[in-house]
Amino acid sequence: MRIGVLTGGGDCPGLNAVIRAVVRKGVKEYGYEFVGFRDGWKGPLEGLTMELNLSTTRGILPRGGTILGSSRTNPFKIENGVERIKENLAKMGIDALVAIGGEDTLGVATKLDSLGVKVVGVPKTIDNDLNNTDYTFGFDTSVNIAVEAIDRLHTTAESHHRALIVEVMGRHAGWIALHSGIAGGAACILIPEVKFSVDKVCEWVESRFKSSYAPIIVIAEGAIPQDGDMITKDQTLDSFGHVKLSGIGEWLAGQIEAKTGKEARTSVLGHIQRGGSPTAFDRVLATRFGLHAITAIHDGDFGKMVALHGTKIARVPLESATAQLKLVTPDLYAEAEVFFG
Ligand code: F6P
């Protein structure tokens, strides 16, 4: 069998660990050959490949990013995109695909599966917002990066008696903000799922200052004020219709300064959260996902995504992963709220 592998969407730490596990088990246990497709769905669309074998996947376990490259190419937005992918797969003798991606990449995989392409999905995203899996790999690494930043910001905020705002990623789901805010002892955590009141945030800021401590506010890029809108960088859309976010932290700093008279500054963590080496947790999760994905292919169990359920790796229908986003629930947010102010 010849298996194609691709990584699509925003990169995240652990992608290389998946690729390595897929190839290692596929070659050693099943005698498969592999073709690496470059830059997400652009690879099979344009026939862009690289060699994937035991030697090209050596030493990549701790490396961030993806040796295959990534893109946000949407074949359903390109004329004859699906036909071109099918033709290229047939020409190259590809029997099945392992698609490693988030909402968008796996959304394309779901549609291709229904059109007869044999595909197994692996859930990736630092946002942890894919449905039907307890965790996606990459999330733990980004939370740890954010917590390190928060720890550092605490000491400088105290020295200067400032409020410091940390803007983290999270377009629709506030998982990174929630976990890093709890672990970092934030004065409040603002997430896209719950519209926030600027006055309430100012109260929490004042109360933290009263206890002679400086407030750290963790805010997800997609958080929305009660009487405002999501703040975007510009109006351009990518091929999946997403706007570029960022700016809500800066906006909130202005509001806090105006309403409390206290100095407030913002640090936007941005792509730092996506770069560099994966944590041990993400290396193990990504490795297990890769091993189970290639076994699903071997079993002919296509149209599935590997998923973490408790401590076990399960197989779930691909469409269930992207049918809806996994959002922070009110009970989890309530746990964090105990520490606000
Ligand atoms: O999809 C994950 C994500 O990290 C989002 O939280 C964020 O909005 C987006 O990627 C930004 O990605 P890029 O800058 O690569 O378009």
If I compare all heavy atoms of D140 with all of F281, which pair ends up nearest, and what's the gap?
OD2-CB, 3.4 Å
So does S320 get a backbone contact from the side chain of N132, meaning a donor-acceptor N/O pair under 3.5 Å?
no
Do I150 and S180 have side chains that get closer than 4.5 Å, going by heavy atoms?
yes
Would you say E257's side chain and A264's backbone share a donor-acceptor pair under 3.5 angstrom?
yes
Using atom types as modelled and distance alone, determine if a side-chain donor or acceptor of E167 lies under 3.5 Å from a backbone N or O of G249.
yes
When you group the ILVMFWY residues by side-chain heavy-atom contacts below 4.5 Å and let the links chain together, are L291 and I297 in the same group?
no
So, does K86 use its side chain to make a donor-acceptor pair with the main chain of L115 at under 3.5 Å?
yes
Nearest heavy-atom approach of R283 to A17 is O-CB, 4.2 Å
Between the side chain of D39 and the main-chain N/O of K42, is any donor-acceptor distance below 3.5 Å?
no
Quick one: does V143's side chain get under 4.5 Å of W175's, heavy atoms only?
no
What closest approach, in Å, do D127 and M169 show between heavy atoms, and which atom pair accounts for it?
OD1-CB, 4.2 Å
List the atom of G69, the atom of T7, and the distance in Å for their closest heavy-atom pair.
O-OG1, 2.9 Å
Check: D113 side chain, V119 main-chain N or O, donor-acceptor pair, under 3.5 Å
no
Quick one: is the NZ or CZ of K25 closer than 6.0 Å to the six-membered ring centre of Y30, and within 45° of its axis?
no
How about CG on D229, more than 12 heavy atoms from neighbouring residues, nucleotides or ligands closer than 6.0 Å, or not?
no
Within a 6.0 Å radius of atom CZ on F76, are there more than 12 heavy atoms belonging to other residues, nucleotides or ligands?
yes
So does E206 pair up with R208, basic N to acidic O under 4.0 Å?
no
Do K118 and D95 sit within salt-bridge range, that is, some charged N less than 4.0 Å from a carboxylate O?
no
Do you know which two heavy atoms are closest between A109 and A99, and how far apart they sit?
CB-CB, 4.3 Å
Checking the side chain of E193 only, and the main-chain atoms of G174 only, is there a donor and an acceptor separated by less than 3.5 Å?
yes
Mind checking whether I256 and I217 have side chains closer than 4.5 Å, heavy atoms only?
yes
K326, NZ atom: more than 12 neighbouring heavy atoms under 6.0 Å:
yes
Are the side chains of T57 and I60 in touch, meaning some heavy atoms are under 4.5 Å apart?
yes
Verify whether one side chain among S70 and D11 offers a donor that lies under 3.5 Å from an acceptor in the other.
no
Residue pair T125 / C12, side-chain heavy-atom distance below 4.5 Å:
no
Exactly one candidate in I224, L252, I191 meets side chain to side chain contact (heavy atoms under 4.5 Å, CB included) with F196; the answer is L252
Would the distance check show the side chain of N128 and the main-chain N or O of F139 forming a donor-acceptor pair, the cut-off being under 3.5 Å?
no
Flag, side chain of R171 to backbone of L245, donor-acceptor distance under 3.5 Å:
no
Are a donor atom and an acceptor atom from the side chains of T236 and D234 found within less than 3.5 Å of each other?
yes
What is the ring orientation for F340 with Y333, classed by angle as parallel under 30°, tilted 30 to 60°, or perpendicular over 60°?
perpendicular
Looking at P62, is its backbone amide N or carbonyl O close enough to the side chain of S277 to form a donor-acceptor pair, meaning the two atoms are under 3.5 Å apart?
yes
How close do F209 and A214 get, heavy atom to heavy atom, and via which atoms?
CE2-CA, 4.2 Å
Is the closest side-chain donor-acceptor distance between T141 and N144 under 3.5 Å?
no
So how far is it from K312 NZ to R288 CZ, rounded to the nearest 0.5 Å?
8.0 Å
Does K124 qualify as a cation-pi partner of F137, given the criterion of NZ or CZ under 6.0 Å from the six-membered ring centre and within 45 degrees of its axis?
no
Count the heavy atoms belonging to other residues, nucleotides or ligands that lie under 6.0 Å from CZ of R152, then report whether that count exceeds 12.
no
